[in-house]
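Notes to accompany the following structure.
Computed over heavy atoms, backbone and side chain alike; hydrogens, waters and symmetry mates excluded. Atoms within a ligand are numbered from 1 in the order they appear, just like the ligands themselves.
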Amino acid sequence: MYKNSFPQGFKDGFLWGGATAANQLEGGWNLDHKGLTTAEVVERATDRKNFTFDKVTKESLEKALHDPSDTHYPKRRGVDFYHHYQEDIKLMAEMGFKAFRLSIAWARIFPNGDETTPNEEGLAFYDRVFDELAKYNIEPVVTLSHYEMPLGLTLKQNGWASRETITDFLRYTDVVFKRYAHKVKYWLTFNEINASTFGFMGTGALDSDLAPQAQLQLRYQALHHQFIASALAVQQGHKINSNFKIGSMLARMQTYPATSKPEDVRAAQESDDSNLFFTDVQVRGEYPEFMNRFFAENGITIAMEPGDEDILQAGKVDYLSFSYYMSTVTSQKNAGDKSVGNMVFGEKNPYLETSEWGWQIDPVGLRITLNTLWDRYRVPLFIVENGLGATDKLTADGQVHDQYRIDYLKKHIEQMKEAVKDGVDLMGYTMWGPIDLISASTSEMSKRYGFIYVDQDDEGHGSLRRIKKDSFDWYKKVIASNGEDLSE
Ligand code: BGP
């Protein structure tokens with residue numbers, strides 16, 4: 001219907017805040033009966049631009065299991081949110097956060113993954129965190145699985161490669177949904193569900209000694225298990241509390257054609273489809289037809305059990321959340337200079353600047369993505385990650401002048417607003433890493449995203465003191481004005 005009016009800005013109750021993950025934030029990796037996780041056996045990368053998701057091998061795992069320290073495994077120490085959560089949440093409240101995205105470490109609740117009763121100390125920790133957030137009216141947004149699972153399930157059944165893991169996951173989600181039924185409303189099932197096609201960090205399955213085709217087969221099968229687990233968790237959660245909002249989470253890769261040559265445009269469309277396939281399954285409740293061709297041409301057979309298709313249909317998500325850091329370019333031959341990113345393997349875009357880590361910065365791409373996702377799915381959208389990883393300098397008088405971060409965020413928020421004016425239903429924006437934390441891809445500390453600086457270096461030295469950066473007050477003003485005042 002023609003209305004002669006359109007939204008002028010972000011809706012009331014827009015969820016402004018920040019996003020984190022347990023394995024990058026918490027530390028306390030071996031406290032209170034928590035089990036070892038898959039994230040805690042990933043060694044810090046030595047080459048910051050050359051990162052792969054599948055770097056855990058049988059040998060590196062063996063080495064990690066015999067190393068009882070956190071020296072080479074920074075995700076074991078995080079930034080010690082485990083002991084600093086009160087101070088950290090207070091700082092978030094000072095910025096006016098409406099929402100805080102965090103993940104539950106599954107191995108705090110089920111240390112080995114296959115126990116029948118949960119670990120009370122782990123449950124009590126998240127009670128304390130949620131109660132602290134409630135004090136300040138900050139809405140928790142909880143990821144159930146963010147790049148980690150109990151390592152016990154890797155050792156026992158090769159992680160998500162096994163269908164058994166669905167049962168283990170649902171035992172865990174049943175416990176946390178019930179325990180926090182009145183403390184948490186917003187949930188996400190799997191962080192960046194598309195990561196599973198890249199290997200260990202997504203699947204918890206060791207597959208580095210497989211031939212490429214067998215590897216692909218394993219990863220898509222593991223992904224299918226996650227799709228089923230996610231769809232069953234959505235149904236389980238809604239039964240426990242019908243007010244729950246349970247979403248999917250995609251690492252969004254906006255792809256542009258290198259030229260207007262139709263073959264390049266088609267290559268970009270294909271690349272975009274291969275990114276949106278994941279949300280097609282989780283939002284529409286079925287595999288899109290083009291994947292049948294992809295599976296057939298790549299010799300992949302997804303083992304499905306009777307009823308799987310119904311499960312996917314019945315477990316469609318309530319909203320679609322995504323991370324957005326960059327865009328990429330592709331051409332028919334994919335022959336141009338390569339760009340880099342957490343999961344982007346395209347070509348360089350001559351019109352865009354890159355971050356220190358080579359990620360192509362593209363605020364307009366965020367608007368394009370928002371419009372694309374809204375057009376395709378018509379479900380509420382939630383930007384649950386966006387931000388700039390940079391090397392921040394602490395001045396002698398204890399300040400961090402991070403104007404570059406303000407510039408980055410400002411330009412992205414401006415584009416979000418344009419999409420909202422176009423009619424996109426946007427629920428919120430939780431920028432990535434409001435407090436400096438360990439990098440997901442390289443496990444560095446020196447790649448910082450936060451409004452709050454944490455005094456810790458790559459080797460884990462430092463006082464862990466929290467220091468407000470210039471961007472802290474800027475974001476406070478953005479939130480207070482509901483995204484209207486972006487001035488410095
Ligand atoms: C996403 C992950 C996050 C996060 C972010 C930034 O892919 O979901 O966990 O860390 O990327 O990546 P990085 O930490 O590697 O800079």
Side-chain angles (χ1 to χ4, degrees), residues 18-26 37-40 42-55 74-75 78-79 81 100-105 141-149 188-203 226 247-254 275 278 321-328 339-345 354-361 366 369 382-392 404-405 408-409 412 429-450 454 456 458:
T20 60
N23 70 84
Q24 297 170 254
L25 182 75
E26 285 179 5
T37 73
T38 47
E40 291 155 354
V42 177
E43 249 184 292
R44 178 152 72 88
T46 41
D47 179 351
R48 35 162 70 166
K49 285 197 182 174
N50 201 6
F51 143 82
T52 55
F53 266 79
D54 54 1
K55 60 191 158 198
K75 287 173 186 164
V79 291
F81 179 79
F100 175 50
R101 175 176 172 229
L102 71 165
S103 70
I104 294 180
V141 178
V142 176
T143 317
L144 290 158
S145 177
H146 191 128
Y147 286 163
E148 67 176 317
M149 66 193 300
L188 300 176
T189 53
F190 291 90
N191 181 61
E192 298 188 333
I193 181 81
N194 37 334
S196 288
T197 56
F198 296 118
F200 185 79
M201 265 172 72
T203 59
Q226 292 182 334
S248 58
M249 200 299 204
L250 176 78
R252 175 63 182 142
M253 330 272 182
Q254 182 63 53
N275 180 229
F278 303 87
S321 79
F322 65 96
S323 61
Y324 177 85
Y325 292 93
M326 69 198 97
S327 61
T328 190
S339 68
V340 291
N342 45 356
M343 278 190 270
V344 178
F345 309 104
T354 58
S355 77
E356 285 171 68
W357 274 260
W359 295 16
Q360 306 195 118
I361 301 171
L366 177 57
T369 265
F382 194 167
I383 302 165
V384 294
E385 286 188 32
N386 170 242
L388 179 70
T391 318
D392 292 334
Y404 39 88
R405 181 165 293 110
Y408 177 102
L409 296 171
H412 283 79
Y429 176 79
T430 53
M431 65 74 77
W432 176 253
I435 178 162
D436 292 345
L437 35 61
I438 305 293
S439 150
S441 52
T442 56
S443 294
E444 288 166 280
M445 186 65 214
S446 47
K447 187 180 189 184
R448 297 170 182 273
Y449 286 84
V454 177
Q456 178 174 246
D458 285 336

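- The shortest heavy-atom distance from Trp357 to ligand 1 is not under 4.0 Å.
- Contact annotation for Ser439 and ligand 1: heavy atoms of both the backbone and the side chain come within less than 4.0 Å of the ligand.
- The two residues His412 and Ile361 make their nearest non-hydrogen contact at CE1-CG2, 4.2 Å.
- Near His146, with a cut-off below 4.0 Å to any heavy atom, the atoms of ligand 1 are 3 (C), 8 (O), 9 (O).
- Nearest heavy-atom pair across Val79 and Leu437 is CG1-CA, 3.9 Å.
- For the pair Ala390 and Glu356, the tightest heavy-atom approach, listed with the atom from each and the gap, is CA-OE2, 3.5 Å.
- The shortest separation from a heavy atom of Trp359 to ligand 1 is under 4.0 Å, placing the residue in contact.
- Considering only heavy atoms from C-beta on, Met445 comes within 4.5 Å of Val454 through its side chain.
- The N/O atoms of Ala440, backbone and side chain alike, include one that comes under 3.5 Å of an N/O atom in ligand 1.
- In summary, of the residues considered (Tyr408, Tyr325, Tyr324, Tyr449), a side-chain hydrogen bond (donor to acceptor under 3.5 Å, both in side chains) with Asn386 occurs for Tyr408 alone.
- Residue Asn191 touches ligand 1 through its side chain alone, judged by heavy-atom distances below 4.0 Å.
- Listed by number with element, the atoms of ligand 1 under 4.0 angstrom from any heavy atom of Lys447 are 13 (P), 15 (O), 16 (O).
- Between Pro434 and Gly18, the shortest heavy-atom contact is CG-CA, 3.7 Å.
- The side-chain heavy atoms of Phe322 and Ile383, taken from C-beta on, include a pair separated by under 4.5 Å.
- Taking only nitrogen or oxygen atoms, main chain and side chain alike, Thr442 does not reach within less than 3.5 Å of ligand 1.
- Among Met201, Glu444, Glu385, Arg448, the residue whose heavy atom lies nearest to atom 8 (O) of ligand 1 is Glu385.
- Taking every non-hydrogen atom of Tyr449 and a distance limit under 4.0 Å, the qualifying atoms of ligand 1 come out as 6 (C), 12 (O), 13 (P), 16 (O).
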